[in-house]
Every structure is written in C-alpha cells, then in structure tokens.
Amino acid sequence: MDKLLQILSDGEYHSGEELGKLLSISRAAIWKQMQKVEALGLPVESQKGRGYRIAGGLDLLAHDTLCNQISPKAKSLLKQLEVQSTVVSTNELAKQRAEEANASGLVIVAEQQTNGRGRRGRQWVSPYGCNLYLSLVWGFDGGVSALEGLSLAVGVAVQKAVIRIGAQALELKWPNDLLWQQRKVGGILLEVIGDPTGFCQVIIGVGLNVDMPEDHAADIDQSWANLVELVQGDIAKNELAGFVVDELLILLSDYHEMGFKHYRDEWYQYDAYADEAVTLSLMGKVVEGVARGVDDTGALRLEIAGEIKVFSGGEVSLRGAK
Ligand code: BTN
C-alpha cells in the first residue's frame, strides 16, 4: 500500500496493468488496494483506458528530504527519525519506545493517526497525508520541575518553524494552541514518563493542520484553519516538519539551563489574548478576568478586580466568544 501511494503521489494517471507490474500483483489485487486508498479519504479518480490517479497528488513524508532541513547543530542531537505511514498516535508510539529504553532525541512523524490524541482527553483529527503529526522524545535529569513552562516554550519553537515557511500571522493561545484569526491551526500535547524527581522523558506531540479537506473535519468541535491559508503557494510538508524538528531540538538543547523565563518575552510577542477579557474554565468553575500574559513558570496571569492572580491549568476562551 505504501509503495502504491508513493507511485500515485505524482497525481498522474497510472494504468492497472502498470501498477500491477510495479507491485508484482494482479490487476484485481490493484483494484482491491485502490478501494483501501479510497477508504483513507483520498480523492481517487479512475478513468477507463487511463487508470487511476489521486487528484492533486500527495505530498508524502520522506526521511532524507526531512533530514536535509535540519541544521547541523540540531542534527547532532537527533537520535533517530522514524517516518511512519499509519499509526495509532505518534505520541503513543514514541511513549512505547521511551518505555523500552532511553529514547531522548527520537522523532516520529506519520501520515495518519487512527487515534490521535488532543489535550484534555480530546481526539485529534488526523486524516491521511494532509497534515503534520510529529512527536519528539527528550530526556530530563531534574525531574518534572525541569519541565516548567516547557509546553509554552514549545509553542514558541513551533511558531518559529511556521514563520520559516512564510506563515507570519499565527498567534499563541495559552498555554500553547496555535491560532489564526481565532481559528485553531495547531496543537501541542506533552506527556511525561519516568521518575518525577529524577530522570524522566517528555514526549512532545505537535499537530499542525496543513491542507486538510473540509470533509475530514466533521468531528472538530471548534473553529479551525489550515496553514496553507496563510502562505502563498503550497507547503512542502518535509520542509515544515524539518523546521519543527530543528527548532524543537535547538530549544531542548539548553532548556534545562534557560527555563521558560528566557522565552517569556517571545511568547508575549505572539500572545493572542493579551489584555483581552477572557473566561478561564477550571475544574468545573469559571473565572473571568483580563489576560495579562504569563509568569516565569508559564502560568497565566489574570487580572481580576484589579488584582493579578495566576493559574497553571484550565481552558481559556475570549469572553463572549466560544
Ligand atoms: C491539542 O489538543 O491541542 C493537542 C493536539 C496534539 C496533537 C498531536 S498530533 C501528534 C501527536 N500525537 C498525538 O496523538 N497527539 C499529538
């Protein structure tokens, strides 16, 4: 199936006979495989006498092309890059690898997730071939306290990667959603395994909507957007993924020394809700205030009745908006 998708990724017609020869299977078997390709939600077209094609082609992840985007400094920190086709969740797979052995520096990218995870137990809609799903494992010696603010700093790193492909207008919503015009373009999910006071490994999961057709998004319960809406022309997924890996590894190389305070000003630059009236939903309670940025640990500062209060959990929404 992977080889078939590679061949069809050029968007050109390929006859059943040609495909059968290339894959050493019968034309009937090709027909069956094409049903599976269609089941992935890809726009398969078939025409008598011409064969099959995927309209518009596919921009597939490729190990070497992705690696070529990573700077020498970051590459020296990369332990392994796994390019997968379909996985349950890149975070889940990365977690399994990290449970088996120290996997610090491992990166997993996939074309599709069958059970992509979002924050707060939500599902992350992850159709084949049109978005970026990436997880990176990093080991920390100082226990979970060394991770303070990391999820916000990761937001800054992903924002830098996205700027490098020409998408200038994204903003960060506390703690780390990537928004464009109040619509969610990307999300970040950190999971930690190991000793909370000693050596632990953090699995950093990044999901970016790149060019997802509308009909895949029926299950998304909030407004969302694609990165292609923000740039001129197409996005090369390997370039984007390489830049994300590059920025993340550079961030992680000295995060244990720098901490979030080093990234706080940068986070401010992209703060979507700076000085806006917001609502924070927190363990069944709702708190209203004016967003006044974040503190050195990455906690949200809310001005409530003239006083600043800090919150390290919860879900922020603009007051009056969803
Ligand atoms: C959010 O809810 O905002 C976080 C979404 C994180 C999604 C990414 S996609 C790659 C990685 N694997 C997962 O299962 N989730 C994260």
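When a ligand or atom number is given, it counts from 1 through the structure's own listing order. Positions are given from 1, in the same order as the sequence printed here.
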May I have a table of the N/O to N/O pairs between ligand 1 and the protein that fall below 3.5 Å, each row giving the two atom names and the distance to 0.1 Å?
| from | atom 1 | to | atom 2 | distance (Å) |
| --- | --- | --- | --- | --- |
| ligand 1 | 2 (O) | R119 | N | 2.7 |
| ligand 1 | 3 (O) | K184 | NZ | 2.6 |
| ligand 1 | 12 (N) | T90 | OG1 | 3.1 |
| ligand 1 | 12 (N) | N91 | N | 3.4 |
| ligand 1 | 12 (N) | Q113 | OE1 | 2.9 |
| ligand 1 | 14 (O) | S89 | OG | 2.8 |
| ligand 1 | 14 (O) | Q113 | OE1 | 3.4 |
| ligand 1 | 14 (O) | R117 | N | 2.7 |
| ligand 1 | 15 (N) | R117 | O | 2.7 |

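V44 belongs to a hydrophobic cluster whose remaining members, ordered by chain and number, are M1, L4, L5, I7, L8, L19, L22, L23, I25, I30, W31, M34, V37, L40, L42, Y52, I54, L58, L60, Y128; membership requires side-chain heavy atoms of ILVMFWY residues under 4.5 Å apart, directly or through intermediates. F199 shares a hydrophobic cluster with no other residue; no ILVMFWY side chain has heavy atoms under 4.5 Å from its own.
In this model, a donor atom of one side chain and an acceptor atom of the other lie less than 3.5 Å apart for D2 and S85.
In the hydrophobic clustering of ILVMFWY residues, with side-chain heavy atoms under 4.5 Å counting as a link, L189 and L178 come out apart.
Each of K75, K160, R164 was checked for a salt bridge (Lys or Arg N to Asp or Glu O under 4.0 Å) with D246, and the lone residue meeting it is R164.
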Please tabulate, one pair per line, all N/O donor-acceptor pairs under 3.5 Å involving side-chain atoms of residues 101-110, not counting sequence neighbours.
| from | atom 1 | to | atom 2 | distance (Å) |
| --- | --- | --- | --- | --- |
| N102 | OD1 | S104 | N | 2.9 |
| S104 | OG | G139 | N | 2.9 |

